[in-house]
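These notes are about the structure you will find just below.
For the single chain, residues carry numbers from 1 onward in sequence order.
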Amino acid sequence: MASNDDIETNTKFAEKNNATFPVLSDENKSVAEAYGVKSMIGYPKRWTFYIGTDGTILKIDKEVTPLSAGKDIAANLAELNVDQK
């Protein structure tokens, strides 16, 4: 996950939500700009990028809904035949 929040804010978010994945603090928005999600109002667009082990982008979900994101990610990973751990 990438966020424009600072490291302290992202660490608190990860701890509060028992995150089992890394959270990138992109305070200068360089990653958001590189992936084309930097918006005019300063907040990144909520897109999910599915990136293969070889670094290629397998899919981009531009219709992310926070309330269903977990289920949507699981469905997209299954569709992409990503091994479950």
Single-linkage hydrophobic cluster Leu80~Ile73, side-chain heavy atoms < 4.5 angstrom: yes
Polar side-chain atom of Ser3 near backbone of Asp5 as donor-acceptor pair, under 3.5 Å: yes
Separation between CG of Asn17 and NZ of Lys12, rounded to the nearest 0.5 Å: 14.0 Å
Short side-chain to backbone donor-acceptor contact, Asn4 and Asp26, under 3.5 Å: yes
Reported NZ-to-OG1 distance for the pair Lys16 and Thr11, which is rounded to 0.5 angstrom: 14.5 Å
Cluster link Ile57 to Val82, ILVMFWY, side chain under 4.5 Å: no
Donor-acceptor pairs under 3.5 angstrom involving side-chain atoms of residues 43-52: please list them, not counting sequence neighbours.
| unit_1 | atom_1 | unit_2 | atom_2 | d |
| --- | --- | --- | --- | --- |
| Tyr50 | OH | Asn76 | ND2 | 3.2 |

Donor-acceptor pair between Ser25 and Asp6 side chains, under 3.5 angstrom: no
Same apolar cluster (I L V M F W Y, side chains within < 4.5 Å links), Leu24/Ile60: yes
Point-to-point distance, once rounded to the nearest 0.5 Å, from CD of Glu63 to CG of Asp72: 10.5 Å
Single-linkage hydrophobic cluster Val64~Leu77, side-chain heavy atoms < 4.5 angstrom: no
Shared hydrophobic cluster for Ile7 and Phe13 (ILVMFWY, side-chain gaps under 4.5 Å): no
Distance in Å, Lys29 NZ paired with Lys38 NZ, rounded so as to fall on 0.5 Å steps: 7.0 Å
